[in-house]
Amino acid sequence: MKLSVLALGLAAGLAFAAPASAQATRDPAQIQAGTYVVDPNHTQALFTVNHFGFSPYTGIFSDVSGTLDLQPAKPAESKLKVSIPVKSLYAPSQHLVDSLKSDKWLDAAQFPEMTFTSTKVTPEGKDKAKVAGDLTLHGVTKPVTLEVTLVGAGANPMNKKVTVGFEAKGTIKRSDFGVKTFVPAISDEVHLVLNGAFERKD
């Protein structure tokens, strides 16, 4: 039953995505400047670690919030700030989720949010950029650079809101943030992906 519901949800999501992709653009000259806010229903933050050398293991965070000051004509002047609630963590194993939220790992009770605040945007072509910023995780703040790719922008065909989407990727060492449980059996290196959708404020 759960797999059937998941399959139906995925099919519906793909059906709704089709009109959007047809109207989206990757041309910065056609993208509206301004302040955008995270669309939490279509934004995901994922992490992947190597699990005991057997396989990559991925978890996902939701309920992301934040703002993007987007300047397509002068991308270096753009600014990003996002916040991710640790309690939103999801993985296939509830036991693992509870463990990761505990004080042995991310300690959601003491450190309920992760944040990323950009400090520098370096354009690399018309649809890519390196975004340097400060990542705060587990009460520790460290500089991190994300590789960001423009996915598309345009009017959302469902709600008519001007929307822009990006994929951001980066890598951190969790021990740098004081999360050292089972290093190196479970990899110190963590791969991060933020699939972000942002809606323009009127």
Are the side chains of [Y] and [X] in contact, using a 4.5 Å heavy-atom criterion?
X      : Y      : value
Met114 : Val86  : yes
Lys180 : Arg174 : no
Glu189 : Thr171 : yes
Asn50  : Pro56  : no
Pro92  : Tyr57  : yes

Return each pair, listed once, that meets ring pair (Phe, Tyr, Trp, His ring centres under 6.0 Å) where at least one residue sits in [range]; pairs must be two or more places apart or across chains.
range            : value
residues 141-163 : none
residues 128-157 : Phe111-His138
residues 81-103  : none
residues 160-202 : none

Let me have the donor-acceptor pairs involving side chains of residues 61-71, under 3.5 Å, with sequence neighbours excluded, atom names and distances please.
from, atom 1, to, atom 2, distance (Å)
Asp69, OD1, Gln71, NE2, 2.9

Considering non-hydrogen atoms only, spot the tightest contact between [X] and [Y] and give its length.
X      : Y      : value
Pro75  : Pro72  : CD-O, 3.4 Å
Ala129 : Val121 : CB-CG1, 4.1 Å
Pro157 : Lys160 : O-NZ, 3.2 Å

Subject >> Pairwise salt bridge (charged side-chain N to carboxylate O under 4.0 Å, His left out) hits with a residue in residues 47-56, at least two apart >> reply: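 Qualifying pairs, neighbours excluded: none.
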Please report, to 0.1 Å, the donor-acceptor pairs under 3.5 Å made by any side chain of residues 99-106, with sequence neighbours excluded.
from, atom 1, to, atom 2, distance (Å)
Lys101, NZ, Lys87, O, 2.8
Ser102, OG, Ser99, O, 2.6
Ser102, OG, Lys104, N, 3.3

Original post:
Quick one: side chain to side chain donor-acceptor pair (under 3.5 Å) pairs with a partner in residues 73-83, sequence neighbours left out?
Top reply: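 Every side chain to side chain donor-acceptor pair (under 3.5 Å) pair that includes a residue of residues 73-83, provided the two are not neighbours, is Ser83-Glu113.
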**OP:** Go through the structure and list residues passing salt bridge (Lys or Arg N to Asp or Glu O under 4.0 Å) with Lys173, not counting sequence neighbours.
**Re:**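 Expected list: none.
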**OP:** For Asp127, enumerate each residue passing the salt bridge (Lys or Arg N to Asp or Glu O under 4.0 Å) test, keeping only those at least two apart in sequence or located in another chain.
**Re:**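 Counting only residues at least two positions away or on another chain, Asp127 forms a salt bridge (Lys or Arg N to Asp or Glu O under 4.0 Å) with Arg26.
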Subject >> Stepwise side-chain contact (heavy atoms from CB on, under 4.5 Å) check, Asn159 with Glu199 >> reply: CA-CA 10 Å; Asn159 61 17; Glu199 296 178 337; 3.3 Å; yes
Original post:
Do the side chains of Val82 and Val193 join up, straight or via other hydrophobic residues, at under 4.5 Å, putting them in one cluster?
Top reply: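 No, it is not one cluster - the side chains of Val82 and Val193 are not joined through contacts under 4.5 Å.
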**OP:** Using the rule that two of Ile, Leu, Val, Met, Phe, Trp, Tyr join whenever any of their side-chain heavy atoms come within less than 4.5 Å, decide whether Val190 and Leu46 are in one cluster.
**Re:**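 No, it is not one cluster - the side chains of Val190 and Leu46 are not joined through contacts under 4.5 Å.
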Original post:
Roughly how far, to the nearest 0.5 Å, is OG1 of Thr115 from CG of Asp134?
Top reply: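 Result: 8.5 Å between the selected atoms.
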**OP:** Please test Leu192 against Ile172 for side-chain contact (heavy atoms from CB on, under 4.5 Å), starting from the C-alpha separation and ending with a verdict.
**Re:** CA-CA 8 Å; Leu192 307 174; Ile172 63 171; 3.9 Å; yes
**OP:** Evaluate side-chain contact (heavy atoms from CB on, under 4.5 Å) for Leu89 paired with Phe47, printing each intermediate quantity in order.
**Re:** CA-CA 10 Å; Leu89 173 63; Phe47 70 90; 3.4 Å; yes
Side-chain donor-acceptor distances from residues 139-155 under 3.5 Å, at least two apart:
from, atom 1, to, atom 2, distance (Å)
Thr141, OG1, Thr136, OG1, 2.7
Thr149, OG1, Lys128, NZ, 3.3

Extract all donor-acceptor atom pairs below 3.5 Å that involve side chains of residues 30-45 and protein atoms in other chains or at least two apart in sequence.
from, atom 1, to, atom 2, distance (Å)
Gln30, NE2, Asp27, OD2, 3.2
Tyr36, OH, Gln32, O, 2.6
Asp39, OD1, Asn41, N, 3.1
Asp39, OD2, His42, ND1, 2.7
Thr43, OG1, Asp39, O, 2.8
Thr43, OG1, Ala197, N, 3.0
Thr43, OG1, Ala197, O, 3.3

**OP:** With side-chain hydrogen bond (donor to acceptor under 3.5 Å, both in side chains) as the test, would you mind laying out the steps for Asn156 and Gln23 before giving the verdict?
**Re:** CA-CA 8 Å; Asn156 184 318; Gln23 298 181 30; over 6 Å; no
